[in-house]
Amino acid sequence: MKVHALPAKPRALLLDFDGTLYTHKAYAAFQNDVLIERLAQERGESPEATKAVLEARRAERRAAGGGPTSLGNLFVDFGVDIATSVAWRLELIDPRKWLTPDPRLAETLADLGLGLALVTNNPAELGRRGLAALGLGTIVTVVVGLDDCMASKPDPAPYALAAKRLGVAPGDCISVGDRYDVDLAPALALGMGAIEVSGVEDVYTLPDFFASRA
Ligand SMILES: [Mg+2]
């Protein structure tokens with residue numbers, strides 16, 4: 001876990017989903033692969049060919065001085081707008097097939113006494129299904145998804161909206177996520193705190209971390 005910035009008195013956590021609230025490499029890889037396969041079908045080429053084209057585009061962005069970005073933003077470069085990404089994800093991804101309730105996580109988050117929002121690059125409905133699959137449906141009550149702002153993280157808009165829906169000033173929020181460039185950099189730019197995790201195991205330690213600072 002790496003703490004990048006913290007508010008003096010945190011009031012809310014803005015949580016990433018994949019790779020943050022669960023650790024399941026196969027599911028994370030599936031989500032990536034199934035969307036690349038769908039794009040390959042659209043382009044009439046093999047998934048391997050599409051993968052290579054996407055990699056080349058990522059390299060171009062790096063060479064131009066851009067940071068890593070989300071798959072959704074990369075797809076926009078290939079003519080797949082955010083609305084299409086939303087539809088593909090709803091059609092192809094079902095978190096209930098991969099995730100099971102995590103009572104330890106539910107207890108951990110409930111005990112923090114902070115406002116909790118999910119900020120995901122999947123559609124909000126998929127975010128809600130994912131939360132339900134983990135047993136967090138009544139604990140994380142605010143969900144901001146790809147279709148709320150039609151903008152994919154690292155766009156800061158979903159973070160600003162999550163803070164607004166929680167009724168908490170951006171400066172009192174902490175973004176918690178596993179990808180610095182996608183989950184944390186946009187939140188830091190809005191004056192939020194940011195904690196980088198390598199999976200749910202780090203999230204379990206948050207109560208002890210906050211208690212040690214009190
Ligand atoms: Mg993630």
Side-chain angles (χ1 to χ4, degrees), residues 1-24 28 70 95 99 101-146 148-149 151-214:
M1 188 168 98
K2 185 172 176 195
V3 178
H4 293 275
L6 283 180
K9 214 172 175 315
R11 291 187 55 213
L13 298 186
L14 311 185
L15 302 156
D16 168 53
F17 192 72
D18 299 297
T20 297
L21 295 185
Y22 72 88
T23 310
H24 190 323
S70 63
L99 303 176
D102 182 345
R104 182 176 175 192
L105 179 59
E107 198 182 317
T108 299
L109 292 176
D111 285 354
L112 286 172
L114 297 169
L116 299 171
L118 180 73
V119 181
T120 175
N121 273 348
N122 262 321
E125 176 55 27
L126 264 194
R128 279 189 284 271
R129 283 184 211 160
L131 288 173
L134 290 176
L136 304 176
T138 60
I139 294 167
V140 181
T141 47
V142 167
V143 175
V144 174
L146 188 57
D148 281 290
C149 302
S152 177
K153 305 183 287 183
D155 191 302
Y159 285 99
L161 180 61
K164 191 177 164 200
R165 284 190 181 165
L166 285 167
V168 174
D172 296 332
C173 295
I174 303 174
S175 173
V176 179
D178 65 309
R179 291 192 290 176
Y180 177 84
D181 293 284
V182 173
D183 305 317
L184 307 182
L188 287 165
L190 293 173
M192 297 179 175
I195 298 178
E196 190 171 344
V197 296
S198 17
V200 70
E201 295 75 14
D202 282 343
V203 178
Y204 296 147
T205 69
L206 286 177
D208 285 346
F209 170 72
F210 286 122
S212 73
R213 293 180 68 247

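What you see below is based on every heavy atom in this structure, not just the backbone, and it leaves out hydrogens, waters and symmetry mates.
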For Phe17, ring pair (Phe, Tyr, Trp, His ring centres under 6.0 Å) partners two or more places apart: Tyr22

Pairwise salt bridge (charged side-chain N to carboxylate O under 4.0 Å, His left out) hits with a residue in residues 189-214, at least two apart: none

Residue pairs passing the ring-ring contact (aromatic ring centres under 6.0 Å, His included) test where at least one lies in residues 195-214, sequence neighbours excluded: none

Of all pairs that satisfy salt bridge (charged side-chain N to carboxylate O under 4.0 Å, His left out), the ones with a partner from residues 165-180, not counting sequence neighbours: Asp148-Arg165

Closest non-hydrogen atom pair, Val119 against Pro158: CG1-CB, 3.7 Å

Summary of ring-ring contact (aromatic ring centres under 6.0 Å, His included) pairs that have at least one residue in residues 156-190, sequence neighbours excluded: His4-Tyr180

Pairs of donor and acceptor atoms involving the side chains of residues 130-141, under 3.5 Å and at least two apart or interchain, shall be tabulated with distances.
none

Heavy-atom pair with the smallest gap, counting every atom of Ser175 and Ala187: CB-CB, 3.4 Å

Audit row: Val203, Leu105, side chain to side chain contact (heavy atoms under 4.5 Å, CB included) steps and yes/no: CA-CA 8 Å; Val203 178; Leu105 179 59; 3.7 Å; yes

Working for side chain to side chain contact (heavy atoms under 4.5 Å, CB included), residues Leu13 and Leu206: CA-CA 11 Å; Leu13 298 186; Leu206 286 177; 4.2 Å; yes

Inter-residue atom distance Ser152.OG - Asn121.CG, 0.5 Å rounding: 3.5 Å

Side chain to side chain donor-acceptor pair (under 3.5 Å) partners of Asn122, counting only residues at least two apart: Gln31, Arg89

What donor-acceptor contacts under 3.5 angstrom involve side-chain atoms of residues 107-115, with partners at least two apart or in another chain?
from, atom 1, to, atom 2, distance (Å)
Thr108, OG1, Arg104, O, 2.7

Shortest non-hydrogen separation from Gly127 to Thr120 and the atoms involved: CA-CG2, 4.3 Å

Within residues 152-164 or reaching into it, pairs that qualify as salt bridge (charged side-chain N to carboxylate O under 4.0 Å, His left out) - sequence neighbours excluded: Asp16-Lys153, Lys153-Asp183

Minimum side-chain heavy-atom gap Asp181-Pro154 below 4.5 Å: no

Pairs involving residues 127-143, ordered by first then second residue, that meet salt bridge (charged side-chain N to carboxylate O under 4.0 Å, His left out) (sequence neighbours left out): Glu125-Arg128, Glu125-Arg129

Minimum heavy-atom distance between Gly199 and Thr23, given as atom pair plus value: CA-OG1, 3.4 Å

Where Pro170 and Leu190 come nearest, the two heavy atoms and their spacing: CB-O, 3.7 Å

Ala117: partners by side chain to side chain contact (heavy atoms under 4.5 Å, CB included), with sequence neighbours left out: Leu14, Val142, Ala162, Leu166

Shortest non-hydrogen separation from Leu184 to Gly177 and the atoms involved: CD2-N, 3.8 Å

